[in-house]
Colleague: 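Below are the structure tokens for one structure; questions will follow.
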Amino acid sequence: MGNEHTDYTGDVDVPVEAIQIIDPAVVKKLPPGTEVKSVTAHGASFWTRTARLDAVVDGQPSQYFLKTSYGDRGRKMMSGEFVSMTTIKGVAPHLVPTPIAWGTYETLDGVHFFLCEFRNMTDELPDIETFPVQMAELHRNGTSPDGKFGFSVTTYHGNTPIDHGWHDTWEEYFTNTTKVLLQMEQEAQGPNAEILELSSRLFDKVVPRLLRPLETDGRSIQPALIHGDLWHGNATMDGDTDQPVIFDAASFYAHNEYELGVWRQPWNKIKKPYRLRYYRHFPRSQPEEDFEDRNQLYATRVNILDSILYKGEDSYREMLLTSLRDLVSKFPGGYEEWKAKQDSEPNGVKT
């Protein structure tokens with residue numbers, strides 16, 4: 001249901017027949033008695049093929065959105081999206097199209113699908129007043145079932161897998177999963193000695209400096225359900241309800257501010273004004289003075305993911321390098337230097 005923010009040089013591996021036929025496996029997931037009248041290509045994606053199903057249910061016209069993928073990776077993509085969207089639906093029912101099912105075609109080998117309610121989406125940006133409110137509510141109400149950071153299934157940034165696992169602290173989650181992503185970036189773009197050297201200091205100094213204070217000295221954060229890839233291609237307005245709607249979720253339970261890392265990207269039309277309004281409804285975590293640097297750290301992880309995804313584009317690796325250089329140069333002393341300074345202050349730890 002969305003378009004990516006740059007050109008992609010890969011080919012869609014899903015056979016076009018996937019959105020030209022009405023597969024029995026899809027029909028079985030629809031309400032009993034549904035008669036599918038037509039399937040029409042709808043929307044655009046670099047890794048899937050998408051379509052609108054026009055049907056009749058109990059004599060009434062109805063429409064559904066169908067996304068198709070291919071192979072084992074495609075099967076996991078559909079599973080991850082279904083679990084993500086279903087989880088968001090349980091917390092914020094009006095914010096996402098109702099997910100119906102995911103499954104595997106009977107008539108085309110290796111083709112998998114995700115099926116959901118069809119929403120009449122516009123091409124507008126989400127409303128700058130109501131959208132931050134609704135995202136803050138999702139983050140506040142979407143709590144991790146056992147208080148851990150992570151997610152129960154693999155989700156995908158485009159076609160890049162993220163194996164979340166479960167972690168007791170946000171620093172642990174961020175460190176473990178981001179190290180894996182950096183290895184994937186080196187494989188996708190080719191080895192880069194400067195990135196390897198900077199990333200070593202990132203994990204030794206920057207990540208503890210910016211993330212450990214969130215959960216020490218009496219401070220804490222609650223794992224929050226996030227969309228996971230919330231740029232302007234995955235968020236718009238519902239033309240019928242005039243309310244924000246989000247889709248193509250790659251959810252996990254994170255520090256809520258991580259969601260806003262992609263709102264920092266220069267190519268994203270959901271920008272700083274949305275962040276500022278969001279903080280009116282979900283105050284910045286303590287230590288508050290770190291929030292801008294935390295946001296840059298989260299945006300750096302987005303740069304890693306994009307550098308993996310768009311491996312033919314040098315600009316994403318350049319953005320990654322710039323951000324790494326900035327963060328590493330700003331926090332050479334890491335958490336230890338910050339902690340010593342806090343302990344030496346007359347009033348104790350600052351918040």
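Heavy-atom basis, side chains included; hydrogens, waters and symmetry copies ignored. From a predicted model like this one, the values you see are computed outputs, not experimental measurements.
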Colleague: Tell me if the aromatic rings of Tyr316 and Tyr310 count as close, with their centers under 6.0 Å from one another.
Modeller: yes
Colleague: Charged N to carboxylate O under 4.0 angstrom, Asp54 versus Lys37?
Modeller: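 No salt bridge links Asp54 with Lys37.
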Colleague: For Phe113 and Tyr105, take the angle between the two ring planes, folded into 0 to 90°, and tell me which bin it lands in: parallel under 30, tilted 30 to 60, perpendicular over 60.
Modeller: tilted
Colleague: Should Glu185 and Arg317 count as an ion pair when the cut-off is N to O under 4.0 Å?
Modeller: yes
Colleague: Kindly assign one of parallel, tilted or perpendicular to the pair Tyr173 and Trp170, based on the angle between their ring planes and the thresholds 30° and 60°.
Modeller: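 Plane angle under 30°, so parallel.
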Colleague: Please list, chain by chain and in numerical order, all residues satisfying side-chain hydrogen bond (donor to acceptor under 3.5 Å, both in side chains) with Glu197, sequence neighbours excluded.
Modeller: Arg201
Colleague: Salt bridge check: are Arg284 and Glu257 linked by an N-O gap of less than 4.0 Å?
Modeller: no
Colleague: Can you tell me if Gln296 has over 12 outside heavy atoms packed within less than 6.0 Å of its CD?
Modeller: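 Correct, the count exceeds 12.
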Colleague: Would you call Lys339 and Asp343 a salt bridge, using N to O less than 4.0 angstrom?
Modeller: yes
Colleague: Whether the side chain of Thr169 engages the backbone of Glu172 through a donor-acceptor N/O pair (distance < 3.5 Å, no angle test) should be reported.
Modeller: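 Yes, Thr169 side chain to Glu172 backbone: donor-acceptor pair under 3.5 Å.
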Colleague: With the threshold set at 4.0 Å, does a side-chain nitrogen-carboxylate oxygen contact exist between Asp217 and Arg219?
Modeller: yes
Colleague: Side chains of Asp248 and His227: any donor to acceptor distance under 3.5 Å?
Modeller: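 The criterion, which ignores hydrogens and geometry beyond distance, is not satisfied for Asp248 and His227.
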Colleague: Using 4.0 Å as the upper bound for N to carboxylate O, is an ion pair formed by Glu336 and Arg209?
Modeller: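 Salt bridge absent between Arg209 and Glu336.
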Colleague: Kindly say whether the aromatic ring centers of His42 and Phe118 come within a distance under 6.0 Å.
Modeller: yes
Colleague: Using modelled atom types and a 3.5 Å cut-off, is there a donor and acceptor pairing between side-chain atoms of Thr236 and backbone atoms of Met121?
Modeller: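 Absent.
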Colleague: For the NZ atom on Lys148, are there more than 12 heavy atoms of other groups (residues, nucleotides or ligands in this structure) within a distance under 6.0 Å?
Modeller: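 Yes - once you tally the heavy atoms of other residues, nucleotides and ligands closer than 6.0 Å, there are more than 12.
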